[in-house]
Amino acid sequence: MAGESQIPTQAAVNRRFAVSLALFYSAFFAVLGTHMPFFPVWLKAIGIDAAWIGLINALPAITRFTTLPQVAAFAEKRHAIRAGIMVSVLATAIGFAALGLQQRPLALFLIYALTCTMWTPTMPLTDAYALRGVARYGLDYGPLRLWGSAAFAAGSLACGYLVDHIAARDLIWVIVAWAVIAVAAGLQLQPLDDVRRRTTETHAGKTLLHDAAFWAVIASAALIQSSHIAFYTFSAITWQLHGLAGLTIAALWTLGVIAEIVVFALSPRFSLHPSTLMAIGGLSAVVRWIVTASEPSLAWLAIVQLGHGLSFGMTMVGTMNLLVQRVPSHQIARGQGYYAACNGLLGAATSIASGAIYARIGEGLYYVMAAMAAAGAVLIWSARHRLKAHPHSEESGG
């Protein structure tokens, strides 16, 4: 009888965890959905030139390989991943509000640098929290993560609508509003029991850093995902120059996110090895950027945007599944930190270079991005045999 009475209680715990995480993913990705397409537009509207936009937009990537790994390791060591998430989103809301009061490039650069120091750990900490929940409750990552993608689309569409009805100089306050909502959602995250830890925990960082297969995963993911940098930074600006309205721009972004949501929803049914999924994502990115560089019509842009489900979504699903396989649960925050750091190092270099390259050759920049994605696909494909061994699968709970 006691065992039977515990069944609905455990189901309720599982449900609360999933719902609170879905709500937080939704709120946090709504911030990203307004920030990614329209933060560069806001910078341009207040008079910031392309070179400064490239430098400023490199800051999130820079903090990913400088301060983020230390923040993630600190939170994990003190078993405070959930608390770290809440502090991070609060500091983010304050930082974006401070940005809205500035218009000078150097001041914006410095304030944004401080904001990103606290903002960029949010995603890897949340993914670490989610993957621990996946191990703890036997859930699937994709269906949890898709709520963030859905909110990204909603946030992007809402902001796109506002672009046509409010001054572009006021877009920063839309970002701030969503950041405040994310703070409220963070307070709803459920405490998560510590997963079992091994006596090797004190050497966790060294273990991961000496795993060549782990490096192959994060380097390949960084190459493929960083190939999206040019799109994230300059697509809205370019499309505006081609005469597209703000709502049309948001709709194009939304098409990509819808495709991403479909991939996440179907991910539990994928039978291909995660390394193959990543290779497919990289090759899809190559095709996507080559077509985008040719200045396609609106109809072709819409088709190409659907490729985001493969170039981003498939790569993400493959990466997370491989990290669960390669990284023990008690090291997952460190693993996410190293992954984010590698992504940030390459992303920062790509963002800085993109500003200079775009200023010279415009949309020809996408050919460079295609080459990066191709390199990522080749790397993960060459490492696929080593990745089929799962030395940490027992410890990772997967």
Side-chain angles (χ1 to χ4, degrees), residues 36-37 54 57-58 60-61 64-65 149 213 215-236 238 252-253 255-257 259-260 262-264 267 270 272-296 300-323 339-358 361-384 387:
M36 275 190 172
N57 275 278
R64 287 189 188 104
F65 69 85
S149 299
W215 276 107
V217 173
I218 64 175
S220 175
L223 283 164
I224 299 171
Q225 302 293 30
S226 292
S227 77
H228 293 70
I229 291 289
F231 174 79
Y232 294 153
T233 305
F234 293 107
S235 62
T238 300
L252 286 171
W253 275 71
L255 281 176
V257 178
E260 176 186 320
V262 171
V263 168
F264 286 143
S267 61
F270 293 164
L272 294 174
H273 191 267
S275 61
T276 303
L277 298 180
M278 289 184 67
I280 292 172
L283 292 177
S284 300
V286 172
V287 174
R288 187 180 176 196
W289 306 140
I290 289 175
V291 174
T292 303
S294 65
E295 300 183 16
W300 274 107
L301 272 179
I303 294 172
V304 169
Q305 279 299 94
L306 292 174
H308 189 74
L310 298 177
S311 67
F312 176 84
M314 194 75 79
T315 302
M316 175 66 75
V317 170
T319 301
M320 290 300 165
N321 285 339
L322 284 172
L323 290 179
Y339 165 54
C342 185
N343 220 356
L345 179 60
L346 185 58
T350 303
S351 183
I352 293 171
S354 292
I357 296 172
Y358 181 82
I361 63 174
E363 290 174 277
L365 169 63
Y366 287 108
Y367 290 120
V368 180
M369 302 298 106
M372 289 179 59
V378 169
L379 176 59
I380 197 65
W381 186 252
S382 66
R384 69 189 185 282
L387 291 167

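All of these numbers come straight from a predicted model, not from anything done at the bench. We number each residue from 1, following the sequence as shown.
Remark: side-chain polar atoms of Gln305 are paired, donor with acceptor, to backbone N or O of Leu252 under 3.5 angstrom. A donor-acceptor pair under 3.5 Å is absent between the side-chain atoms of Ser220 and the main chain of Val217, judged by distance alone. Looking at Ser235, its side chain never comes within 3.5 Å of a backbone N or O of Tyr232 through a donor-acceptor pair. Although no hydrogens or angles enter the test, the distance criterion places a donor-acceptor pair under 3.5 Å between the side chain of Thr238 and the main chain of Phe234.
Considering all non-hydrogen atoms of both residues, Ser354 and Met369 come closest at OG-CE, 4.2 Å. Between Ile218 and Cys342 the shortest heavy-atom distance is O-SG, 3.8 Å. Considering all non-hydrogen atoms of both residues, Ala221 and Thr319 come closest at CB-OG1, 3.6 Å. When all heavy atoms are compared, the tightest approach of Phe270 to Val263 is CZ-O, 3.7 Å. Ser311 and Gln225 make their closest contact through O-OE1, 4.0 Å (heavy atoms, listed as atom of the first residue, atom of the second, distance). Looking at every heavy atom in both residues, Pro60 comes nearest to Asn57 through CD-O, 3.3 Å.
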Run the side chain to side chain contact (heavy atoms under 4.5 Å, CB included) check on Ile280 and Leu272 step by step: do they pass? CA-CA 10 Å; Ile280 292 172; Leu272 294 174; 3.8 Å; yes
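Note: Leu379 CG to Met278 CE = 8.0 Å, rounded to the nearest 0.5 Å. With rounding to the nearest 0.5 Å, the separation of NE2 in His228 from CE in Met372 is 10.5 Å. The structure places CD1 of Ile380 at 9.0 Å from NE2 of His273, a figure rounded to the nearest 0.5 Å. Atom OG in Ser267 sits 9.0 Å away from atom CG in Leu277 (nearest 0.5 Å). Taking CH2 of Trp381 as the start and OG of Ser275 as the end, the distance is 7.0 Å to the nearest 0.5 Å.
A cation-pi geometry, defined here as NZ or CZ lying under 6.0 Å from the six-membered ring centre and within 45° of its normal, does not hold between Arg288 and Tyr366.
Side-chain contact check for Ser227 and Trp289: at least one donor-acceptor pair (N or O, by modelled atom type) lies under 3.5 Å.
Contact of the Ile229 side chain with the Leu346 side chain is not registered, since no non-hydrogen atoms from C-beta on lie closer than 4.5 Å. By the 4.5 Å heavy-atom criterion applied to side chains, Phe264 and Met314 are not counted as neighbours.
Looking at residues two or more places apart in sequence or on another chain, you find a ring pair (Phe, Tyr, Trp, His ring centres under 6.0 Å) between Phe312 and His308. Residues passing the side chain to side chain contact (heavy atoms under 4.5 Å, CB included) test with Leu283 are Ala377, sequence neighbours excluded.
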